[in-house]
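Note that these values count all heavy atoms, side chains included, but never hydrogens, waters or copies made by symmetry. Nothing fancy with the numbering, it's 1 onward along the sequence. Keep in mind that what you see is a predicted model, and the values were worked out from it rather than measured.
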Amino acid sequence: MAQTSKKMQIVFASAECAPFVKTGGLGDVAGSLPAALVRAGAEVIVMVPKYATIKDEYKAQMEHFSDFYVSLGWRNEYCGLEKLEHDGVTYMFIDNERYFARDYPYGFFDDGERFAFFSKAITESLQHLPAGFECDILHCNDWQTALAPVFLREFYQGLPLYDRVKTVFSIHNVAFQGQFSDTVMEDILGVAHIPAAASQLRCDACSVNYMLGALRYADAITTVSPTYAAEIQTPEFGEGLDGVLRERSYALQGILNGIDVAGFDPATDKRIAANYTVEDRTGKAVCKAKLQEELGLEVRDDRPLMVMVTRLTRQKGMDLVMYALDRILAGGVQVAVLGTGDRDYEDGLRYFQDKYRGTMAARIEFDPALSQRMYAAADMFLMPSKFEPCGLSQIIAMRYGTLPIVRETGGLKDTVRPYNEFTGEGTGFSFRNFNGDEMGDAVFRAARLFWDNRDAWNQLVTQAMSQDFSWTRSADKYLDLYFFMHPEIERPAAVVEAAAEPEVVAEPEPKAEVKPVEAEPAKAEVKPAAKPAAKKTTTRKTTAKKVGTTKAAVSKTTAAKTTTTRKRTTAAAKKAAEAEAAPEVKAETPAVEAKPAAKAPAKTAAKKTAATKSTTTKAATAKATPKSAAKPAVKVEETPVEPKAETAIETKPAAKTTTHKRSTTMTKKTTTKAAATKAEAKPAAVKEEPKPEVKPEPAPKAAEVKAKTKAAPKAEAKPEPAKETPVSPAAPAEEKAPSKKTSVRKATAARKRR
């Protein structure tokens, strides 16, 4: 049963966390995601090393919570827990001055030992958390915490406190894996005597890979965008781990990062020259003019300003920038770059700054305040990464109304929708291949829109600024994963409504619709069967009146014969209807049964050429039959299709046993029936066909009759309904009156047959 009183309790472990310590995107995630999880109803404790670089103002707020010793290989190392409450989130700082009291978080010779200690301290700390906090989810991030799932499984499994703990490992950049000499296996990790652990950590004959251990031991794996989750399963992006990621693809998913929308808000940001909103962007023009002046660029609002805030490395696409920058600057686009990195790229940017004074500005430094002013002032933001797990810069740029130009990879592809000039959709510009010319083309697509169609440009800016990149959306997806791993914990109602509703609606609806679809149409077709018949009879009577009322005497005799035939037909129809009732409701293909009925009269008419007069009758009937009769006809046909076939079969023996004259007369009637049926059927299939047939009133040639008769089965195949009305009394009445002798002979022959 679900535990209604318990909340989801999460320990979030990260080597950096804003605002305490930050070197990249991981710090932003650790600083924002836990707060969003708390707002969604979870309880979260964030574990971070207590670096010496943390500001004193934060250190002063910390309180000593607990201390214990952590075994690391042959060592016993001190570990203190320093507690700090900040913005509703509880932070626990792992205190060990020998490992963390340094000037910078990473980049030391003993990083393998330092972060192995951090991982072991995380798992050990689960026994020393505040009262009432029992960890349900241990969420680890990147290689610095990758050994925690390994230690949890190998050293703590089976202990009551740890049995409920499920582990989640997030990859923020698969290129940084934590590879070290295999001597750490025994000396530091203490797992050399455990064959399973030693084999799963080893990446080659003499190295271990911390991230590899997490990928094999964690219960679930996430990464920071759906596209990147697919990319890292390929050799091109997997950095040697694509094989194990493919093996565990069932446990891998991508969840996009968000940004702190309150911290990155052009309406309230105090670091920019002027504030503005999506509705009123006059402040953005002020920001642009101020930045151009600050960087030594020409102060012109008619030239697009493109900026980059980035590490100057090949991964960030600096090769493409160096290739295309000459063309971009010569084309009239202003460029400003802020960042540090490889010396070759730094020198290249300085060269272009000297060559294009007033158009190019390079700031080879790290300046967070200047980066904020650049986000707010620029028209375009260039980010042509070779690979990018998620990327936050393009999201921040859109938040400030600066249109990103990105390569379609990883999170860049997931967050930036390319501009569509035909529909106006999009939030930026993109190119696919890692190619300098393609990048240059994308830049000038943006520049041309800026120059040539400012209205479309402004609409695109509005769409970019209106995107929702808050952490609330991402937190819901992480909670989906957490509650999936702990189904016994009941999810808060407010979150369930938002997350579960789509699933409930999606599955049951199709199932519910399948059954009625079969039953309802069947009923609809069976009930109105009687009404169309009445309409047809009325139509035929009207036609008969128009053809001529002077032949009443002969018509009575003919009607008597027809009535007798109709009785037999009706009786047969009832039997057939009872026998066929079930199949007719289920199957919608009475056309198969109707084919013999259509062929029989057609063959009879082909043998005899006496059907000339029936053509006139057909034309008259076609005139009188309204177009609206097509739909009812289709419904009626299903019941009496079989009787039609029987009537056609009975006609043949009659032709054999009587004289030539009687045979000719019967043939005339049969042909007339076929012609009348055809005349009614055609309006149902092709509404305009009866019109041309009205013109040829004189008797057509025998060849024409044959041609029409042969074509009849094709036309009748679709609208079978009309076929069922072969016995109408109106059809024979329309023909010319035969002689009295002929009528007497017909009546005598009919009595003998009875």
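- Between the SG atom in Cys135 and the CD1 atom in Ile10 there is a gap of 8.5 Å [rounded to 0.5 Å].
- With sequence neighbours left out, Arg448 forms a side-chain hydrogen bond (donor to acceptor under 3.5 Å, both in side chains) with no residue at all.
- In this structure Tyr106 satisfies the side chain to side chain contact (heavy atoms under 4.5 Å, CB included) test together with Ala15, Glu16, Thr23, Tyr51, Asp111, Phe115, Gln144, sequence neighbours excluded.
- Of all the heavy atoms in Val335 and Leu297, the pair that sits closest is O-CD2, 4.5 Å.
- In terms of the side chain to side chain contact (heavy atoms under 4.5 Å, CB included) criterion, residue partners of Asp441 (sequence neighbours excluded) are, by chain and number, Arg327, Arg445.
- Between the side chains of Thr427 and Gln467, no donor-acceptor pair of N or O atoms lies under 3.5 Å.
- A salt bridge does not link Asp476 with Arg473: none of the charged nitrogens is closer than 4.0 Å to a carboxylate oxygen.
- His139 contributes atom NE2, which lies 8.5 Å from atom OG1 of Thr145 (distance to the nearest 0.5 angstrom).
- Donor-acceptor pairing under 3.5 Å is lacking for the side chains of Ser14 and Asn141.
- Judged purely by atom type and a 3.5 angstrom limit, Arg407 uses its side chain to pair as donor or acceptor with the backbone of Ser385.
- For the residue pair Asn435 / Tyr323, no side-chain donor-acceptor distance below 3.5 Å is found, with atom types taken as modelled.
- For the residue pair Gln177 and Asn209, a side-chain donor N or O sits within less than 3.5 Å of a side-chain acceptor on the partner.
- Side chains of Glu408 and Ser430 form a contact here, defined as non-hydrogen atoms less than 4.5 Å apart.
- The backbone N or O of Ser249 lies less than 3.5 Å from no partner atom in the side chain of Gln253, so there is not a single donor-acceptor pair.
- The side-chain heavy atoms of Arg303 and Val333, taken from C-beta on, include no pair separated by under 4.5 Å.
- Applying the side chain to side chain contact (heavy atoms under 4.5 Å, CB included) test to Thr402 and every residue at least two apart in sequence or in another chain returns Lys284, Ala378, Phe381, Ala397.
- Checking Ser393 against Tyr375 by side-chain atom types alone, a donor-acceptor pair falls below 3.5 Å.
- Salt bridge annotation for Arg399-Asp265: present, with a cationic side-chain nitrogen under 4.0 angstrom from a carboxylate oxygen.
- Using a 4.5 Å cut-off on side-chain heavy atoms (C-beta onward), Leu256 and Cys390 make contact.
- Taking the side chain as every heavy atom from C-beta outward, Tyr58 and Tyr91 never approach each other to under 4.5 Å.
- Considering only heavy atoms from C-beta on, Pro149 stays 4.5 Å or farther from Leu138 through its side chain.
- Residues Thr310 and Met383 fail the side-chain proximity criterion, which asks for heavy atoms closer than 4.5 Å.
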Side-chain polar contacts of residues 312-322 - donor-acceptor pairs under 3.5 angstrom, sequence neighbours left out - could you list them?
from: Arg314; atom 1: NE; to: Asp319; atom 2: OD2; distance (Å): 2.7
from: Gln315; atom 1: OE1; to: Arg311; atom 2: NH2; distance (Å): 3.2
from: Gln315; atom 1: NE2; to: Phe387; atom 2: O; distance (Å): 2.5
from: Lys316; atom 1: NZ; to: Glu388; atom 2: OE1; distance (Å): 3.0
from: Lys316; atom 1: NZ; to: Glu388; atom 2: OE2; distance (Å): 3.2
from: Asp319; atom 1: OD1; to: Tyr345; atom 2: OH; distance (Å): 2.4

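- Listed by first then second residue, pairs satisfying ring-ring contact (aromatic ring centres under 6.0 Å, His included) with a partner in residues 451-475 read Phe450-Trp457, not counting sequence neighbours.
- A salt bridge links Lys22 to Asp28: at least one charged side-chain nitrogen sits closer than 4.0 Å to a carboxylate oxygen.
- Salt-bridge formation is not detected for the pair Glu438/Arg432: no Lys NZ or Arg NE/NH1/NH2 atom is positioned less than 4.0 Å from an Asp or Glu carboxylate oxygen.
- To the nearest 0.5 Å, atom CG of residue Leu37 and atom NZ of residue Lys7 are 12.5 Å apart.
- The backbone N or O of Met8 lies less than 3.5 Å from no partner atom in the side chain of Asp136, so there is not a single donor-acceptor pair.
- Between Asp379 atom CG and Gln334 atom CD the span is 9.0 Å, to the nearest 0.5 Å.
- For Lys355, the side chain to side chain contact (heavy atoms under 4.5 Å, CB included) criterion is met by Asp326, Tyr351, not counting sequence neighbours.
- Every pair passing salt bridge (charged side-chain N to carboxylate O under 4.0 Å, His left out) that includes a residue from residues 225-242 is listed here, sequence neighbours excluded: Asp242-Arg246.
- Under the rule for a side-chain hydrogen bond (donor to acceptor under 3.5 Å, both in side chains), the partners of Thr222 that lie at least two apart in sequence or sit in another chain are Ser170.
- Within the 4.5 Å cutoff, the side chain of Leu245 has heavy atoms near those of the Leu215 side chain.
- Atom CG of Asp260 sits about 10.0 Å away from atom OG of Ser470, to the nearest 0.5 Å.
- For Thr227, the side-chain hydrogen bond (donor to acceptor under 3.5 Å, both in side chains) criterion is met by Asp414, not counting sequence neighbours.
- Shown here is Arg343, whose CZ atom has no more than 12 heavy atoms of other residues, nucleotides or ligands within 6.0 Å.
- Ion pairing of Arg491 with Asp480 is present here, as a side-chain N (NZ or NE/NH1/NH2) and a carboxylate O approach within less than 4.0 Å.
- In this view, Thr223 satisfies the side-chain hydrogen bond (donor to acceptor under 3.5 Å, both in side chains) rule with no residue, not counting sequence neighbours.
- The neighbour count for Glu85 CD, taken as heavy atoms of other residues, nucleotides or ligands under 6.0 Å away, is above 12.
- Contact of the Val224 side chain with the Ile171 side chain is not registered, since no non-hydrogen atoms from C-beta on lie closer than 4.5 Å.
- Side chain of Arg281 to backbone of Asn458: a donor-acceptor contact under 3.5 angstrom is found.
- The minimum heavy-atom distance linking Cys17 with Val46 is given by the pair SG-CG1, 4.4 Å.
- Formation of a donor-acceptor pair under 3.5 Å by the Ser225 side chain with backbone atoms of Gly254 is not found in this model.
- Between Leu291 atom CG and Met374 atom CE the span is 6.5 Å, to the nearest 0.5 Å.
- Within the structure, every pair that satisfies the side-chain hydrogen bond (donor to acceptor under 3.5 Å, both in side chains) test and touches residues 358-374, not counting sequence neighbours, is listed here: Asp269-Gln372, Glu294-Arg373, Gln353-Arg363, Gln372-Tyr400.
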